[in-house]
Amino acid sequence: MLVALIAGTGTLVLANTALAGSGGLLPVSSHSPNAHTISNLYVVVLIFSGCVFVAIEAALVLIVLRYRRGRRPAAVEGPEIHGSTRLELFAAVVPAVLVAALVAVVFFQLSGITNAPAASAAAETTVTVEGHQFYWLFRYPNGAVSIGTLIVPADEVVHENVVAPRDDVSHSWWVPGLGGAVEAVPGRTNHAWFKALAGTYSSSCSDLCSSDHARMAATIDVVAPAAYERFIDARAAAPATLAVGQQEYQHACATCHTLNTPYLGPALADNPQLTEVSELSGILRQGTGTMPAVGSDWSNAQIEALVKYTTKLVNSQPTGATSGSTG
Ligand code: CUA
């Protein structure tokens with residue numbers, strides 16, 4: 001009776017949470033086969049451990065009621081009860097069997113999480129995901145690069161090589177809707193994959209990687225394959241446009257700097273280095289003071305794009321702006 005009551009309450013709580021969507025006990029809704037498997041395993045483990053919890057709490061309550069003092073005076077000792085082989089065996093064997101069953105279920109599902117489904121070369125893409133302090137950089141097969149937003153084709157297996165530059169720190173690439181977290185470790189290449197329908201998904205860094213860890217988010221735009229091809233072709237053909245510079249500024253610079261107010265780094269508006277490719281490339285590639293080498297592996301075109309954008313930004317400042325470079 002009591003067990004049924006507790007189990008019933010638990011079911012109601014779970015059902016309520018499930019209806020509430022991603023805000024409660026359940027993972028965010030999944031949009032890739034590996035993420036489905038993770039979500040399903042989560043539910044299996046949750047129900048399994050929920051049942052164990054209910055059974056143990058019910059036994060506890062029954063024992064407390066059954067062996068309570070009752071009318072016996074407080075000063076009188078209760079009866080001494082010595083070992084019960086059956087009970088001890090039960091307490092050792094049952095948990096072992098339960099844990100073994102759980103391990104078996106998880107191992108059985110593991111290949112569906114780690115192994116991408118086989119796909120023809122035409123139906124798969126490989127991108128490199130680079131974790132930097134404090135932004136994500138993406139490299140595409142044709143050499144195109146984007147920062148902060150990963151564009152990938154819909155309904156294709158997308159393989160991700162997850163890395164971090166040698167002079168950076170460890171980050172963790174996690175797109176909850178598209179699979180589990182994968183470490184981005186300097187000097188190592190880890191692998192992840194997903195296969196999703198068109199849509200927008202968000203990622204966060206799940207390793208505490210210093211001051212701006214919490215702002216290290218990225219967007220994953222899953223688009224029609226033709227749109228994906230158009231994007232990477234255009235980006236590879238013109239890697240130093242103002243739009244590229246704006247993306248770099250917003251994701252790599254603006255995480256720590258604002259134009260007019262010192263934040264983690266100094267305010268930028270009056271900084272003459274902002275408009276000089278030679279000055280800025282030195283700072284980006286080597287870092288300076290407490291600023292990490294945020295652009296340690298950027299191409300010249302990427303730096304030119306940033307300077308184009310920062311020059312425009314500085315020149316559009318109403319007051320306090322430097323004359324900057326012309327051109
Ligand atoms: Cu990168 Cu936390």
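Residue numbers run from 1 in the order of the sequence given. First listed ligand is number 1; within each ligand, the first listed atom is number 1.
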> Hey, are Glu130 and Arg139 close enough for a salt bridge, meaning a charged N less than 4.0 Å from a carboxylate O?
Replying inline: yes
>> Taking the ring of Phe134 and the ring of His213, is the distance between their centroids below 6.0 Å?
In response: no
>> Closer than 2.8 Å to atom 1 (Cu) of ligand 1, what protein N/O/S atoms do you find?
In response: His171 ND1, Cys205 SG, Cys209 SG, Met216 SD
>> Angle between ring planes, His171 versus Trp136, binned at 30° and 60°: parallel, tilted or perpendicular?
In response: perpendicular
> Would you call the rings of Tyr140 and Phe231 parallel, tilted or perpendicular, where under 30° means parallel and over 60° means perpendicular?
Replying inline: perpendicular
> Which pair of non-hydrogen atoms, one from Tyr201 and one from Ala198, has the smallest distance, and what is that distance?
Replying inline: OH-O, 4.0 Å
> Between Tyr135 and Trp298, how do the two ring planes meet: parallel, tilted or perpendicular, split at 30° and 60°?
Replying inline: perpendicular
